[in-house]
Amino acid sequence: MNLDSLLRSEIQKAITALFNQSVEQLQLQPTNAEFEGSHTLVCFPLTRISKLKPEETGNAIGQYLVEHSGMVSRYNVVKGFLNLVISDSVWVKVFESIYANPNYGITPATGKELMVEYSSPNTNKPLHLGHLRNNFLGYSVAELYKAVGYNVHKVQIINDRGIHICKSMAAWKLYGNGETPESSGLKGDKLVGKYYVEFDKNYKAQVKQLQEKGVAEADAEKQAPIMKLAVDMLQKWEAKDADTVKLWSTMNGWVYSGFDSTYKRMGVDFEKLYYESNTYLLGKEEVLKGVEKGIFFKKEDGSVWVDLTADGLDQKVLLRSDGTSVYMTQDIGTAILRFRDFPKIEGQIYTVGNEQEYHFKVLFLILGKLGYEWAKKCYHLSYGMVDLPSGKMKSREGTVVDADDLMQEMVDAARVQTLELGKIDDMTKEEIDELAEMIGLSALKFFLLKVDPKKRMMFDPNESIQLQGHTGPFIQYTHARIKAILRKAASMNIVADQNSLQKVTGLEPAEHEVIFKINQYTNKLQEAAREYSPAIIANYAYELAKEYNQFYQAIPIFNESDADKLKFRIAFSEVTANTIKKAMALLGIRVPERM
RNA sequence: GGCUUCGUAGUACAAUGGAUAGUAUUUCAGAUUCCGAUUCUGAAGAUGCAGGUUCGAUUCCUGCCGAGGCUACCA
């Protein structure tokens with residue numbers, strides 16, 4: 001039973017009775033704190049059919065509702081705003097229906113399917129802060145769609161081939177002395193990343209040396225021996241040279257096992273991985289088919305292009321003159337392959353940074369031109385860059401924040417602060433570790449998810465480890481404190497039941513506010529999925545926790561002498577805790593029983 | 001240059017075309033005989049500039065100023 005839709009239909013009835021007309025869209029909004037009431041009807045748009053001033057329209061509807069609808073007990077009109085006071089019996093009924101439904105908020109399976117791609121890093125460098133935003137976003141959006149009834153497939157494309165990995169391979173071969181993750185104890189992705197940096201360092205030195213000998217810069221860049229080695233390796237790899245492929249697969253293996261442990265700590269998962277090395281040739285076939293059908297065209301030099309000038313874009317190359325694929329070609333193939341693998345998905349969500357907006361615009365247009373209906377259902381979940389207080393993250397300037405280091409830093413800070421509070425002195429070391437992990441990652445995830453994905457954001461490491469304010473740990477704390485209340489209630493054998501809930505009257509304003517928030521959960525979920533925005537859920541969870549804290553501060557629960565009211569408040573606290581827990585789970589954030 | 005996204009308190013973030021623009025942080029002033037004060041209450045402080053549409057604009061439109069991104073036979 002959704003309070004808002006009930007109220008809407010009552011208002012519709014009033015409008016029909018009073019003005020003999022109906023309205024498609026009612027503007028209902030939460031009442032400002034300074035006025036009495038919880039729901040406010042905006043009356044300005046209704047004056048057209050009421051033929052009355054906004055105030056008079058509000059009064060007429062308000063009076064009708066009080067007289068004819070059991071829902072509204074009082075009303076007041078301020079300018080053109082009709083503020084409605086919902087009667088306690090309705091609040092209690094709304095609460096009861098939520099309390100009775102353990103799956104409150106969740107849409108049952110609809111049979112619809114969807115694919116979400118996220119992460120998709122290159123294999124030459126460890127994951128950094130930007131990847132954290134990507135992974136948390138993609139994971140959360142996938143969870144949001146599950147919650148609204150979709151069967152969701154989480155995937156990623158791994159860019160495992162190309163010159164970038166060959167650079168690491170070349171440097172390792174020259175300077176590695178056979179180093180392995182086992183021999184040096186270095187995490188696999190870090191080790192490969194180290195040689196990528198090593199490549200860059202030596203490459204630059206060699207170019208400089210050549211230039212000093214009078215070689216022009218452009219030539220020097222091509223002649224540098226280490227670059228020649230890397231290019232040579234790429235060619236050998238494409239020719240399937242056994243030794244090169246072996247080294248490639250060994251080094252990629254190191255990276256994958258490094259990534260795996262990072263993903264595990266992040267708490268993200270994938271149903272299926274796609275590898276560029278397996279799919280990069282598939283797009284070529286489709287592109288050549290497109291040429292036959294006249295969708296694409298071939299230039300004199302043999303390169304293949306698509307003309308998107310009619311769509312307001314440019315011409316875009318799809319195959320080089322030597323016949324090799326570009327990134328776009330591979331993405332065409334991968335998309336088609338995915339719909340073959342999962343024929344029931346209605347679309348794909350690509351979680352990729354906003355610097356590739358143009359790329360995806362082009363990709364979706366091309367897929368449409370190739371006749372794939374599902375192209376319309378593909379969505380680029382574009383997100384803004386993450387900046388640091390010191391400015392942009394730049395690998396060249398060494399200001400990139402490593403994902404593993406950052407997670408560790410957050411967890412360490414969480415441990416220190418939690419121990420200081422001293423509420424967990426009886427916990428074992430393992431329990432404390434687990435708790436620190438939960439809190440540290442919550443600080444990080446919440447900070448990155450509370451901002452609208454589209455927007456560029458600032459990540460301040462110092463601020464983010466503050467475990468107070470508009471943060472994940474604040475919400476976790478609220479949850480843990482409610483759990484303490486519930487433990488106490490259980491020890492006192494206070495058990496809520498439907499019968500005692502029904503007898504409750506005289507709710508406090510703070511209780512209305514919290515029920516109002518809990519009642520919003522379903523709508524917020526729909527909105528968050530529709531907008532592809534975990535930020536909506538993050539802010540919702542925060543508001544709910546804050547609202548409950550106000551109730552908690554204002555109303556002593558166990559001092560209540562009315563047994564029914566006491567039981568109601570316990571049930572009420574329980575529902576709040578569950579809703580917080582479910583909302584946070586959608587963000588990939590766990591909440592502790594104690595902290 | 002063309003295309004595109006964004007400019008909200010000192011700082012970081014909110015606001016389906018609706019009320020006196022919310023929240024956090026910061027600063028100041030308060031609250032704990034009571035369920036966990038990492039909490040709560042109060043105060044101070046903001047829509048880049050100029051127009052337009054509207055009963056009403058942070059939101060929509062135009063121009064300007066400022067900041068990103070894209071504009072490769074790179075990925």
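Chain letters run A, B, ... following the sequence lines, proteins first, then strands; residues in each count from 1.
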- Query: A:Arg481 side chain N/O closer than 4.0 Å to the phosphate oxygens (OP1, OP2) of B:A37?
  - Reply: yes
- Message: Considering every strand and a 4.0 Å limit on heavy-atom distances, what is the contact class for A:Tyr542: base, sugar-phosphate, or nothing?
- Response: sugar-phosphate
- Query: Do other residues, nucleotides or ligands put more than 12 heavy atoms under 6.0 Å from the NZ atom of A:Lys299?
  - Reply: yes
- Message: For a quick test of reading the model: is some side-chain N or O of A:Lys79 closer than 4.0 Å to OP1 or OP2 of B:G56?
- Response: no
- Task: Starting at atom CD of A:Glu55, determine the distance to atom C1' of B:A19, rounded to an integer number of angstrom.
- Result: 12 Å
- Query: Between B:U41 and A:Gln550, is there an OP1 or OP2 to side-chain N/O distance shorter than 4.0 Å?
  - Reply: yes
- Determine: side-chain N/O of A:Lys546 to OP1/OP2 of B:A24, distance under 4.0 Å, yes or no. yes
- Item | Pairwise 5' ranking along RNA chain B for A:Phe459 and A:Phe474, keeping only the more 5' one | A:Phe459
- Message: At less than 3.5 Å, do the side-chain atoms of A:Glu34 and the base atoms of B:U20 form a donor-acceptor pair?
- Response: yes
- Quick one: is B:U38 close enough that its OP1 or OP2 comes under 4.0 Å of any side-chain N or O from A:Tyr477? yes
- Query: Within less than 4.0 Å of OP1 or OP2 of B:C3, is there a side-chain N or O belonging to A:Lys361?
  - Reply: no
- Query: Ring of A:Phe81 versus six-membered ring of B:G18: centres under 5.5 Å and planes under 30°?
  - Reply: no
- What integer number of Å spans the P atoms of B:C70 and B:A14? 22 Å
- Taking atom types as they are modelled, is there a donor-acceptor pair under 3.5 Å from the base of B:A19 to the side chain of A:Thr40? yes
- Ring geometry between A:Phe199 and A:Tyr196 (parallel below 30°, tilted from 30 to 60°, perpendicular above 60°): parallel
- Message: So, OP1 or OP2 of B:G36: does either fall under 4.0 Å of a side-chain N or O from A:Arg487?
- Response: no
- Query: Would you say A:Arg320 reaches B:A75's phosphate, i.e. side-chain N/O to OP1/OP2 under 4.0 Å?
  - Reply: yes
- Message: Distance alone, cut at 3.5 Å: any donor-acceptor contact between the side chains of A:Ser120 and A:Tyr274?
- Response: no
